[in-house]
Protein chains: 2
Amino acid sequence: MAVYIQVLENLQRDGKNVISSELLARTCDVNPSQIRKDLAYFGEFGVRGVGYYVQDLITSIKQALGVDRVWKCALVGVGNLGRALLNHREFRLRGFHIVGAFDCDPFKIGEIVSGLEVVCSRRLKEKVDELGIEVGIITTPPERAQRACNYLVDAGIKGILNFAPARIEVPDDVNVEYVDFFHHFYAVAFNVTLALQD
Amino acid sequence: MAVYIQVLENLQRDGKNVISSELLARTCDVNPSQIRKDLAYFGEFGVRGVGYYVQDLITSIKQALGVDRVWKCALVGVGNLGRALLNHREFRLRGFHIVGAFDCDPFKIGEIVSGLEVVCSRRLKEKVDELGIEVGIITTPPERAQRACNYLVDAGIKGILNFAPARIEVPDDVNVEYVDFFHHFYAVAFNVTLALQD
DNA sequence: TGGTGTGAATTAATTCACAGCT
DNA sequence: AGCTGTGAATTAATTCACACCA
């Protein structure tokens, strides 16, 4: 779905108003019926004989995914990666506002990063309640990921993005997404290695 | 596979020498036979009645994936994200060495970022040959992704990581991996929205 | 006429269950 | 005795093919 949004937004930028599943499929490199199934799953967004209206489709998908609003996020772990994410303004553009930065290192607490004061991780619950935070972002080293996660879960957070290279345990009602771009590097390395062998 | 490496490296750090598919499955949150199938696909890494030796398994998987060596990479697009990646030393640790930084903006060319001189994208072929680069990383804005891609393909690169939010067209023998962490943000938003509705 | 939405057919992925080593 | 490797059974995902509607 995220891929479709991406492609549709680029189509919109290029001034396209209508798109067929056939064409959309070609750019996404998938089967046309795949696209129709995916889109029909959330509702009847298309017009028979015409295709999909790009602008309407973007709006519909975003609504269906629940990304047609602002999601307030807390970032835990103000290291290299954490700082990079805090400074990445694309997040705000996409509706994900990082409104709290947390770390357990006393030397970092109080520091201002990208306009946010770094707060002690222990105060997560307090801040989550105060600011109405719904999503947690973990950017700690792997060995501290579980602790960061526990703070987030205790604070009542139900959605977590884990950038740390470690698995974490959460209750059933908490959703975790693992973000690891080395996965993609490994995939490329593997495929290139394969291709070289033939 | 990348997940297994991640988990195994953490197990190793914790001093575990042997692991069963059952235990590994629990931490990865998958079925034990899934793990056995995946691992057996590349070779017989396990020992019946015992399990898998952690250190050996890491080595074997890395070998099978082709990540037991250094991969030289070129980064195209020295913007926000590009700079963040150039400064991220984890890449070097994992064997992915960014040895060239490219951009088409004359104001950026010549600038030194993280010890690398930014070079004009047009000189990619020359530099790829000179430095023995095998992997390309695209971190341009979406509208310039295809152009960056074309330079990489012309230079003979067979593996590309595309961080730009745009699809790109490549010949059949070139492998592209799309990296987009908004995908994960959308997934969390969607799942939390679903959970809130019930 | 042209392109969606969707049941049916096909293909792929996952899980089960157990033979076979150590 | 215990845990892997793997064919068989099951389940899920993808693709086909066409009815239906603008």
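None of the values given here were measured: they were computed from a predicted structure. Letters go in sequence order (proteins before strands), and every chain restarts at 1.
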To the nearest 0.5 Å, how far apart are CG in B:Asp56 and CG in B:Asn17? 10.0 Å

A:Ile5 CD1 to A:Leu65 CG distance, which is reported to the nearest 0.5 Å: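 Output value for this atom pair is 5.0 Å.
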
Does A:Glu9 come within less than 4.0 Å of A:Arg13, counting only side-chain N to carboxylate O?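 A salt bridge is absent here (no side-chain N lies under 4.0 Å from a carboxylate O).
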
Transitively linked via ILVMFWY side-chain contacts under 4.5 Å: B:Leu86 with B:Val70?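 Cluster IDs for B:Leu86 and B:Val70 differ.
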
Answer yes or no: does atom CD of A:Glu169 have more than 12 heavy-atom neighbours from other residues, nucleotides or ligands under 6.0 Å?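 Open.
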
Is there a side-chain contact between A:Ile138 and A:Cys149 in this structure, where contact means two heavy atoms from C-beta onward sitting under 4.5 Å apart? yes

Using a 4.0 Å cut-off on heavy atoms, which residues in residues 37-68 of chain A reach DNA chain D? List them by number, or say none.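 Nucleic-acid contacts, sorted: A:Lys37, A:Arg48.
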
Scan residues 5-24 of chain A against DNA chain D and write down, sorted by residue number, each residue with any heavy atom closer than 4.0 Å; if none is found, say none. none

Going 5' to 3' along DNA chain C, between which two nucleotides do contacts with chain B fall, using a heavy-atom cut-off of 4.0 Å? C:dT14 to C:dT22

Is there a donor in the side chain of B:Gln63 and an acceptor in the side chain of B:Thr59, or the other way round, less than 3.5 Å apart? no

What pairs of donor and acceptor atoms, side-chain ones from residues 100-113 of chain B against any protein atom, are under 3.5 angstrom apart with sequence neighbours left out?
unit_1   : atom_1 : unit_2   : atom_2 : d
B:Asp103 : OD1    : B:Asp105 : N      : 3.0
B:Asp103 : OD2    : B:Val78  : N      : 2.7
B:Asp105 : OD1    : B:Phe107 : N      : 2.8
B:Lys108 : NZ     : B:Val78  : O      : 3.3
B:Glu111 : OE2    : B:Arg83  : NH1    : 2.8

Sequence neighbours left out, what passes ring-ring contact (aromatic ring centres under 6.0 Å, His included) with B:Phe91? Give chain and number order.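 Here the qualifying residues are A:Phe181, A:Phe182, A:Phe185, B:His88.
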
Under the side-chain hydrogen bond (donor to acceptor under 3.5 Å, both in side chains) definition, can you give me all pairs with a residue in residues 145-155 of chain B, not counting sequence neighbours? B:Gln146-B:Asn150

